[in-house]
2 protein chains.
Amino acid sequence: MNVMNASPRRKELTRLAAQLFVQEGFDRTTVRMLAQEMGIKSGSLFHHFRDKQEILAAVIEEGTENALVIAKEALSRCDSSASSRLHAMARAHLETLLTDRNAHVVALYEWRRLDSEARAHLGHLRDAYESLWEEVIDDALAAGLVHGDRFLVSRFVMGALNWTVRWYDPDGTRTPDELADELVVMITRSASTR
Amino acid sequence: MNVMNASPRRKELTRLAAQLFVQEGFDRTTVRMLAQEMGIKSGSLFHHFRDKQEILAAVIEEGTENALVIAKEALSRCDSSASSRLHAMARAHLETLLTDRNAHVVALYEWRRLDSEARAHLGHLRDAYESLWEEVIDDALAAGLVHGDRFLVSRFVMGALNWTVRWYDPDGTRTPDELADELVVMITRSASTR
DNA sequence: GGGTCAACCAAGCAAGCGCTAGTGTAAATG
DNA sequence: CATTTACACTAGCGCTTGCTTGGTTGACCC
């Protein structure tokens with residue numbers, strides 16, 4: 001078994017698992033289906049993962065870590081105005097949601113299938129990400145760009161963005177960046193400069 | 001078997017099933033668990049429902065029909081100003097989400113477990129509900145209350161509201177009506193009169 | 001008072017489930 | 001060369017799953 005998540009083979013298996021979990025749901029995805037998709041027999045799966053739950057945890061961990069990295073980079077790359085930071089965060093959020101779509105859909109839909117230790121560990125990762133959002137919202141509130149309660153606004157915004165996985169069509173005419181900007185337009189009072 | 005959904009016994013079974021589906025998820029809820037919760041043996045379940053999927057469809061149908069009724073009533077009860085209608089719709093949405101919470105959580109999380117015919121039927125119900133929202137958003141846009149694209153705004157708003165099932169605490173200090181009003185404040189330009 | 005019918009039960013089948021045990025093998029390591 | 005390691009295989013155990021079958025019960029009806 002391979003405890004490190006860094007093994008390249010394991011990374012690839014995790015990616016394939018994410019796709020199957022999205023298509024079928026975690027419970028309906030059998031270890032035999034996973035193995036076939038990976039081109040091995042079902043028994044061999046347990047050389048890479050302790051059990052089925054660990055595959056789920058690996059999928060979600062990948063996605064959440066990527067989201068954190070992308071958001072932090074985006075924030076560090078833009079100037080410090082509240083408006084810029086708000087745009088950058090919204091764009092980063094949708095970029096992750098799109099490029100790592102499978103992993104995030106799994107995280108949103110199958111969170112409750114995690115056992116308690118995995119949930120605790122991944123919960124911290126998620127909290128770190130969400131507190132990034134709350135900082136950005138705080139700045140926007142202080143700048144008078146947005147009105148309302150800090151907690152509520154960040155929840156509403158994340159809800160609106162996460163909901164996009166249910167209707168967004170990557171082959172459509174709108175880019176994720178346009179989507180993000182439209183959301184910012186909707187919630188901001190004054191014309192916002194990028 | 002009882003094809004009508006109106007049988008009182010069936011209604012009660014549907015309510016209990018919704019609760020279990022929320023607690024455990026559809027796939028992990030066995031017919032034996034359902035039967036026990038209902039105080040009967042697992043075989044007897046199939047006197048009321050053709051199969052397990054039909055129970056899921058019944059749960060979602062209940063919730064969606066209720067949502068439609070509540071929203072229509074709310075809209076017919078308020079005056080015709082864009083602002084009033086926006087407030088009324090948001091409040092109705094959260095009221096349904098709260099009082100019929102189990103059914104709606106199931107609808108949001110387990111939609112993909114429906115077979116294709118059930119999905120087609122319930123899809124129409126959902127579309128009817130969503131077009132109510134789009135009308136209200138249209139009015140708000142025309143009145144200059146909200147800025148942006150009609151399709152995007154309605155999606156963002158529904159996303160923000162539906163996301164509440166993941167974090168809202170009914171025992172907390174905020175009422176659903178306050179939540180709805182806060183959302184309207186966030187997305188509207190001018191001070192909105194109720 | 002025979003007939004009807006919804007509601008339930010006991011028993012179990014066939015299929016599928018996650019996972020384990022034991023083995024083979026080719027490449028890396030000392 | 002001997003040993004270890006990574007990865008895969010075969011075979012199947014023990015259990016649970018959704019659902020079926022055949023039969024019983026009691027309330028209601030002409």
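Lettering follows sequence order; numbering is per chain, from 1. Bear in mind the structure is a predicted one, so any value in this text is a computation, not a measurement.
- Counting non-hydrogen atoms of neighbouring residues, nucleotides and ligands closer than 6.0 angstrom, the CD atom of B:E24 exceeds 12 such neighbours.
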Base versus backbone protein contacts along nucleotides 13-19 of chain C [heavy-atom cut-off under 4.0 Å; B, S, -]: ----BBB
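- C:dC8 atom C1' lies 12 Å from atom CG of B:L13, rounded to whole Å.
- Salt-bridge check for B:E12 with B:R9: failed, with every basic side-chain N at 4.0 Å or more from each acidic carboxylate O.
- Considering only side-chain N and O atoms, B:S44 lies nowhere under 4.0 angstrom from the phosphate OP1 or OP2 of C:dA7.
- Residue pairs meeting the ring pair (Phe, Tyr, Trp, His ring centres under 6.0 Å) criterion with at least one partner in residues 11-37 of chain A, sequence neighbours excluded, are A:F21-A:F26.
- For C:dC8, one of the phosphate oxygens OP1 or OP2 lies less than 4.0 angstrom from a side-chain nitrogen or oxygen of B:H48.
- One interatomic measurement links the two molecules: CZ of B:R10 to P of C:dA7, which rounds to 11 Å at whole-angstrom precision.
- Between B:H47 and C:dA7 there is a side-chain N or O to OP1 or OP2 distance below 4.0 Å.
- Atom CD1 in B:I40 sits about 14 Å away from atom P in D:dG18, given to the nearest Å.
- Atom pair B:L34:CG and D:dC19:P shows a separation of 11 Å (rounding to whole Å applied).
- A:H93 and A:Y129 have tilted rings, their planes meeting at an angle from 30° to 60° on a 0 to 90° scale.
- Looking at heavy-atom distances under 4.0 Å, A:K41 makes contact with a base.
- B:E178 has no carboxylate O lying under 4.0 Å from a charged side-chain N of B:R174, or vice versa, which leaves the two without a salt bridge.
- For the side-chain contact (heavy atoms from CB on, under 4.5 Å) test, residues two or more places apart in sequence or in another chain that qualify with A:T64 are A:I60, A:L125.
- Taking atom CZ of B:F49 as the reference point, atom C1' of C:dA6 lies 15 Å away to the nearest angstrom.
- Between B:L45 atom CG and D:dT20 atom C1' there is a gap of 14 Å when expressed in whole angstrom units.
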